[in-house]
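Beneath this line is the structure, given in structure tokens, with notes to follow.
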Amino acid sequence: MRTEFRKFYRPGVLWALALLAAIAGTMITTSEAQAEYGDVVINNHSDAAGMRPVVFPHWFHRVRFRCKVCHADLGFKFKAGGNDINMVKIIDGQFCGSCHNGKVAWAVDSCDLCHSGKPGTPTQVHESTINLLVTPGALTPAPAAAGKR
Amino acid sequence: MVSTISRLPVLILLLVSMAAWAQTARQWLPLAKDGIHDPRNPALRLLQEPAAALSRLPADGAGNQVNWVHALERGVINPRTNILPETQVMVIDVDIYLNLRGGTPIVRFPHRAHTMWLDCTNCHQQLFASKAGANKLSMEAMLKGEQCGVCHGAVAFPLTECARCHNTPRNQPLPVGAIRGS
């Protein structure tokens, strides 16, 4: 048994193992950049209006509000891009404007804080099963729009 | 006896395994490098980084690496329940047993964890009828973002976490008085 082990325990074998581990390690550390699970990109009107698309961080909001606050009280549908939101409605206190009014959260004059996405990024729930399995490749900005700004 | 050169691969293995261990610790990409935020946006530095908020919350191996139900149950977070004063807060502690004739383990659906976050009208009656056995559930529909897949696979733990829903062995009797769905 011991001689068997000695046979295996040669620098050559160890070098091969080390090399494999190093390759595997590099593959792990250089994995693709990904936003947080559940981040929603809303690009219904932004690109056309020359604004960056909106990135809505679900994680930030659910630390402070239960789902029902927005999805029941405020009437947000469970669908990325499925809510007919525009700036007039927000200024009027609907949708995001219920809180983003300068009292609870920043007001509409802080454009860049919400309109913070890469130009050309399609409307989506980032990292969602649909994006990963049904429409892979839909995550990245359209080539024409990328690098526009 | 053992030369330095033959010790070198052992050292490399050690370093790589240490690096691999560090990888298993929770990490969140900074906003400027997450692939959807525009790093050229000057306001980006004003936004809270995910790691700043999420590293303090109970860990999870999937999704955004936070067990949100534990965070709420243990009082680590105390998110608001309503914005309209007339909103009813109804936490219901009723489990429904589903997938009773399937091959995979039985699903115990806990109303409690769901009603702590959601309003009854979020699911009833559009997504699910409020009648045990009246809903025809399908994993294919869920994978397409319907039924449970409206949230699971988007904001709640993903559909690849099979055993978290299919959590009840088929070869044991269900609790007395268990409500049986489809």
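As a basis for the values below, the full set of heavy atoms in this structure was taken, side chains included, without hydrogen atoms, waters or symmetry mates. Below, read A as the first sequence line, B as the second, and so on, with proteins coming before strands; counting in each chain starts at 1. Fair warning: this is a prediction, and the values are worked out from it, not measured in the lab.
Proximity to chain A is absent for every atom of B:Val76, based on heavy atoms less than 4.5 angstrom apart. There is no contact between B:Pro30 and chain A, counting heavy-atom distances below 4.5 Å. Within the 4.5 angstrom heavy-atom criterion, only backbone atoms of B:Glu49 (N, CA, C, O) approach chain A. Only the side chain of B:Leu54 comes within less than 4.5 Å of a heavy atom in chain A; its backbone stays farther off. Looking at A:Cys99, only its side chain comes within 4.5 Å of chain B, counting heavy atoms on both sides. Looking at A:Phe78, the atoms closer than 4.5 Å to chain B (heavy atoms on both sides) sit in the backbone and in the side chain alike. For B:Ala62, no part lies near chain A; criterion is any non-hydrogen pair under 4.5 Å. Within the 4.5 angstrom heavy-atom criterion, only side-chain atoms of B:Leu44, from C-beta onward, approach chain A. For A:Val63, the parts lying under 4.5 angstrom from a heavy atom of chain B are both the backbone and the side chain.
In this structure, A:His61 has its ring center closer than 6.0 angstrom to the ring center of A:Phe56. A centroid separation of 6.0 Å or more is found between the aromatic rings of A:His100 and A:Phe95.
Each of B:Pro158, B:Gly149, B:Pro42 has some count of heavy-atom pairs under 4.5 Å with chain A, and the biggest count is that of B:Pro158. Of the residues considered (B:Thr87, B:Leu46, B:Leu127, B:Val66), B:Thr87 shows the highest number of contacts with chain A, using heavy-atom pairs under 4.5 Å. In terms of non-hydrogen atom pairs under 4.5 Å with chain B, the most contact-rich of A:Asp39, A:Val104, A:Asp73 is A:Asp73. The most heavy-atom pairs under 4.5 Å with chain A, out of B:Gly145, B:Pro79, B:Pro39, come from B:Pro79. Taking B:Leu72, B:Leu31, B:Asn78, B:Leu57 one by one and counting their heavy-atom pairs under 4.5 Å with chain A, the maximum is reached by B:Leu72. For the options B:Leu159, B:Asp119, B:Val150, heavy-atom pairs under 4.5 Å to chain A are most numerous at B:Asp119. Chain A forms more heavy-atom pairs under 4.5 Å with one residue of B:Thr121, B:Leu118, B:Ile77 than with any other, namely B:Leu118. Chosen from A:Pro57, A:Cys67, A:Gly38, the residue pairing most often with chain B at heavy-atom distances under 4.5 Å is A:Cys67.
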| Test side-chain contact (heavy atoms from CB on, under 4.5 Å) applied to B:Ile179 and B:Asp95, step by step | CA-CA 7 Å; B:Ile179 300 179; B:Asp95 291 345; over 6 Å; no

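For B:Arg26 (side chain) and B:Ser55 (main-chain N/O), a donor-acceptor pair under 3.5 Å exists by modelled atom type.
Remark: B:Thr115 OG1 to B:Met90 CE distance equals 8.5 Å, nearest 0.5 Å.
No side-chain donor-acceptor contact under 3.5 Å links A:His115 and A:Asp112. When only modelled atom types and interatomic distance are considered, B:Asp38 and A:Ser116 share no side-chain donor-acceptor pair under 3.5 Å. There is no side-chain donor-acceptor pair under 3.5 Å between B:Ser138 and B:Gln147.
Between A:His71 and A:His58, the ring planes are parallel. Angles under 30° get that label, and only those over 60° would be called perpendicular. Taking the six-membered ring where the residue is Trp, B:Phe157 and B:His152 present tilted rings, their angle falling between 30° and 60°.
No cation-pi contact links A:Arg62 to A:Phe60, judged by a cut-off of 6.0 Å to the six-membered ring centre and 45° from its axis.
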